[in-house]
Chemist: 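Below you'll find the structure I mean.
What you see is a predicted model; the values in this text were computed from it and never measured. Start at 1 and go down the list; that is how both ligands and their atoms are numbered.
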Amino acid sequence: MTQPDIQTVKTSHGQELKVHTYLFINNEFVPGNGPLIETINPATEEVICSVHSASEGDVDKAVKAATNCFKNEWRKTAPAKRGLLINKLADLMERDKDEIATLDAMLCYTRHEPLGVVGAIVPWNYPTMMPVWKLAPALATGNCIVLKTSEVTPLPLYKFAELVVEAGFPPGVVNIITGYGHTTGSYLSSHPGVSKMAFTGSTVTGSKIMESSASSNLKKLQLELGGKSAQIVCADADLANAAVQAHGGIFNNHGQSCNAGSRILVQESVFDKFMELFTAETKKIKIGDPFDKDTFQGPQINKSQFDKILNYIKIGQEEGATLYLGGKRWGEKGYYIEPTIFTHCKRDMRIMQEEIFGPVVAITTFKTVEEAIEIANDSKYGLAGGVYTSNLDTAITVSNELQAGTVWINCFDVFDQSTPFGGYKQSGFGKELGKYALEEYTQVKVVKIQRGGL
Ligand SMILES: NC(=O)C1=CN([C@@H]2O[C@H](COP(=O)(O)OP(=O)(O)OC[C@H]3O[C@@H](n4cnc5c(N)ncnc54)[C@H](O)[C@@H]3O)[C@@H](O)[C@H]2O)C=CC1
Ligand code: BAL
């Protein structure tokens, strides 16, 4: 026989309280379908009461209630109204504080503590910047770090290591190692002495690191993974600006950026004009020696990336996209690839879905902003996105609706160390930069003190 929701219980001081023992779903106390769970008074070892537990069906009900409310109401409720409700709840808690305090502890505070030894694994595309994005918040919050550079670009970090010594850091605070991913990287991410892994690289490797974390010691994780970011060019945009920004958005660092705007969606009515401006911008690219100050585009990082990119260019042609510009090796020596533009791309083509990580952009058209949002979100990735428009409503609608961790408006690839960066969906989780990064490298301890005993 099921017990009533409200039970009268006695505290160890003999005080009588009425407590709920049912589940709270959709603002109602409802009986749970799991077994009853006894609440034990740890001071007396006596049963205070039994509470209902949730079966899988109850969990489904609670998730469904939260999902419905999130979609249809709470997400759209004005922050001011949310504030009023939260304030009202606070007033009610204050009114009933004695009762709540009896059921809880009395004096309570939190401490943000370092995690201990942080492991970091970085890629080759920004060999100094990616490590620094991890080192700075890790050290500032009191952690020590073991950082594995990419086996392809170890050198800058060893120069950095010299500066660590010169600056006077105690030995052991910063440790930098190099090695292959499947050996050194895998060992580091499985190491029981490491409390957290911070990783930037491919989504495939990110999921391996998640497995290593799960099977070793449940390390806290921060994963900054791949991307296939969309740049949406609306008909009302300043097209000259859009062409310049979208160009940098894809071709900066030869396309070797996780946030590269490698899909460009152009509103049908301005397609020809945009292509004229964008192509003119692309043709200005000076390819050559990376040490020459006029060079915009140097070689790709290595033969394997070079081959991979050329293979994607072949795939794009085979899939029926129009090769509008470039598409070949540049020169005869070095891993140079011509800046390459595909047009008439279909959203399910591999060049629209997969991270190429090279100077290759896939362009398609759209009729309405709603359609552009749908195409942009049709990706397993969600790192970044952009919209070019002169309409504030459009800018706000697109930035609200894009499933991406960063949205640029009338610009692209703009970074600032005070604003956080990180992905949605399979672009990973956790934030780098800004104060959010500090949270990634700390754990919060709650201290509750029973007053009177001290
Ligand atoms: N989103 C981003 O920032 C990056 C994305 N990529 C994508 O990944 C593709 C392949 O490039 P890769 O250099 O092979 O990327 P990757 O993700 O395999 O390598 C990045 C880092 O992870 C390490 N690593 C590899 N396997 C590991 C494992 N099993 N356990 C622990 N660490 C491991 C590597 O040694 C390197 O330090 C690129 O074409 C590009 O599409 C690559 C680099 C950065
Ligand atoms: N563009 C900076 C972040 C990255 O590509 O990894």
Chemist: Hey, is E224 one of the residues with a heavy atom under 4.0 angstrom from ligand 2?
Modeler: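 Yes.
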Chemist: May I ask you to check if ligand 1 and G181 share an N or O to N or O distance below 3.5 Å?
Modeler: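 Yes; the residue has a nitrogen or oxygen that sits under 3.5 Å from a nitrogen or oxygen of the ligand.
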Chemist: Which atoms of ligand 1 have any heavy atom of F199 under 4.0 Å away?
Modeler: 17 (O), 21 (C), 22 (O)
Chemist: Under a 4.0 angstrom heavy-atom cut-off, which atoms of ligand 2 come close to N259?
Modeler: 1 (N), 2 (C), 3 (C), 5 (O)
Chemist: Please determine whether a side-chain nitrogen of the Lys or Arg among D378 and R347 lies less than 4.0 Å from a carboxylate oxygen of the Asp or Glu.
Modeler: yes
Chemist: Going by the atom numbers of ligand 1, which of them fall below 4.0 Å from some non-hydrogen atom of G226?
Modeler: 1 (N)
Chemist: Give the contacting part of N125 toward ligand 2: side chain, backbone, both or neither, where contact means a heavy-atom distance below 4.0 Å.
Modeler: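 It is the side chain that gets close, since no backbone atom is under 4.0 Å.
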Chemist: Flag Y180 as yes when one of its N or O atoms lies below 3.5 Å from any N or O atom of ligand 1, and as no otherwise.
Modeler: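 No; the residue has no nitrogen or oxygen that sits under 3.5 Å from a nitrogen or oxygen of the ligand.
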Chemist: Run the numbers for me: atoms of ligand 1, each under 4.0 Å from some heavy atom of N125, listed by number.
Modeler: 3 (O), 44 (C)
Chemist: Which ligand 1 atoms are under 4.0 Å away from a heavy-atom of K308?
Modeler: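 The atoms of ligand 1 under 4.0 Å from a heavy atom of K308 are 9 (C), 38 (C), 39 (O), 40 (C), 41 (O).
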Chemist: Looking at D60 and K64, is any side-chain nitrogen of the basic one under 4.0 Å from a carboxylate oxygen of the acidic one?
Modeler: no
Chemist: For residues T389 and D236, is any side-chain donor paired with an opposing acceptor at under 3.5 Å?
Modeler: yes
Chemist: What I want to find out is whether E332 reaches R329 closely enough, with some N-O distance under 4.0 Å, to be called a salt bridge.
Modeler: no
Chemist: May I ask you to identify, for L225, whether its side chain, its backbone, both or neither come under 4.0 Å of ligand 1 on a heavy-atom basis?
Modeler: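 Near ligand 1, L225 shows its backbone, while the atoms from C-beta on stay back.
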Chemist: Mind checking whether S202 has an N or O less than 3.5 Å away from an N or O of ligand 1?
Modeler: yes
Chemist: Between T205, T200, I209, which one has a non-hydrogen atom sitting closest to atom 27 (C) of ligand 1?
Modeler: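 Result: the heavy atom closest to atom 27 (C) of ligand 1 is in T205.
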Chemist: Is K196 close enough and on-axis enough to Y441, meaning under 6.0 Å and within 45°, for cation-pi?
Modeler: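 The answer is yes; both the distance and angle limits are met.
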Chemist: So is there a nitrogen or oxygen of T200 less than 3.5 Å from a nitrogen or oxygen in ligand 2?
Modeler: no
Chemist: Mind checking whether F415 has an N or O less than 3.5 Å away from an N or O of ligand 2?
Modeler: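 Between F415 and ligand 2, no N or O pair is found under 3.5 Å apart.
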Chemist: Can you name the atoms of ligand 1, numbered from 1 with element, that are less than 4.0 Å from a heavy atom of K208?
Modeler: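 Every atom of ligand 1 under 4.0 Å from some heavy atom of K208: 29 (N).
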Chemist: Can a salt bridge be assigned to the pair E439 and K435 using a cut-off of 4.0 Å between side-chain N and carboxylate O?
Modeler: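 Salt bridge: no.
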Chemist: Below 4.0 angstrom, N of the basic side chain to O of the carboxylate: do K159 and E162 qualify?
Modeler: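 Counted as a salt bridge, because a side-chain N and a carboxylate O are separated by less than 4.0 Å.
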Chemist: Looking at E355, which atoms of ligand 1 are within less than 4.0 Å of one of its heavy atoms?
Modeler: 1 (N), 5 (C), 7 (C), 40 (C), 41 (O)
Chemist: Run the ring-centre check on Y324 versus F342 and record whether the distance is less than 6.0 Å.
Modeler: no
Chemist: How far is atom 23 (C) of ligand 1 from its nearest protein heavy atom, and which residue and atom is that?
Modeler: I121 CG2, 3.6 Å
Chemist: Answer yes if the side chains of T178 and T149 hold a donor-acceptor pair under 3.5 Å, and no otherwise.
Modeler: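 Side-chain D/A pair, T178 to T149: present.
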Chemist: Just to confirm my output: which protein heavy-atom neighbour is closest to atom 10 (C) of ligand 1, and how far is it?
Modeler: Q305 OE1, 3.9 Å
Chemist: To which protein heavy atom is atom 42 (C) of ligand 1 closest, and what is the distance rounded to 0.1 Å?
Modeler: F357 CE2, 3.8 Å
Chemist: M129 heavy atoms, cut-off 4.0 Å: which ligand 2 atoms fall inside?
Modeler: 2 (C)
Chemist: What part of Q256 sits under 4.0 Å from ligand 1 if we count only heavy atoms: the side chain, the backbone, both or neither?
Modeler: neither
Chemist: Give the atoms of ligand 2, by number and element, whose distance to some non-hydrogen atom of S257 is under 4.0 Å.
Modeler: 5 (O)
Chemist: Angle class for the H344/F271 ring planes (parallel below 30°, perpendicular above 60°, tilted otherwise)?
Modeler: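 The rings of H344 and F271 stand perpendicular, inter-plane angle above 60°.
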Chemist: Need the ligand 1 atom indices (1-based, order shown) with element for anything under 4.0 Å from a heavy-atom of V122.
Modeler: 21 (C), 36 (C), 37 (O)
Chemist: Of Y436, W408, F415, which is the lone residue that meets ring pair (Phe, Tyr, Trp, His ring centres under 6.0 Å) with F421?
Modeler: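 Only match with F421 under ring pair (Phe, Tyr, Trp, His ring centres under 6.0 Å): F415.
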Chemist: Using heavy atoms and a threshold below 4.0 Å, how should the contact between E151 and ligand 1 be classified: side chain, backbone, both, or neither?
Modeler: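 Just the side chain.
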Chemist: Between the side chains of T282 and T279, is a donor N or O closer than 3.5 angstrom to an acceptor N or O?
Modeler: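 Note: T282 and T279 side chains miss the donor-acceptor criterion.
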Chemist: Taking R350 first and then E354, would you say they form a salt bridge - that is, a charged N and a carboxylate O separated by under 4.0 Å?
Modeler: yes
Chemist: Nearest protein heavy atom to atom 35 (O) of ligand 1: under 4.0 Å?
Modeler: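 True for atom 35 (O) of ligand 1.
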Chemist: Look at atom 5 (O) of ligand 2 and find which of C258, G226, P123, G201 reaches it with the closest heavy atom.
Modeler: C258
Chemist: For atom 13 (O) of ligand 1, is there a protein heavy atom at a distance under 4.0 Å?
Modeler: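 Flag for atom 13 (O) of ligand 1 set to true, protein heavy atom closer than 4.0 Å.
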Chemist: Before we go on, tell me: are the rings of Y187 and H182 under 6.0 Å apart, centre to centre?
Modeler: no
Chemist: With a 6.0 Å cut-off (strictly less than), is the heavy-atom count around CE of M93, excluding the residue itself, greater than 12?
Modeler: no
Chemist: Any idea which atoms of ligand 1 are less than 4.0 Å away from a heavy-atom of P123?
Modeler: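 Result: 43 (C), 44 (C).
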Chemist: With respect to Y381, which candidate in Q353, K228, K425 satisfies the side-chain contact (heavy atoms from CB on, under 4.5 Å) definition?
Modeler: K228
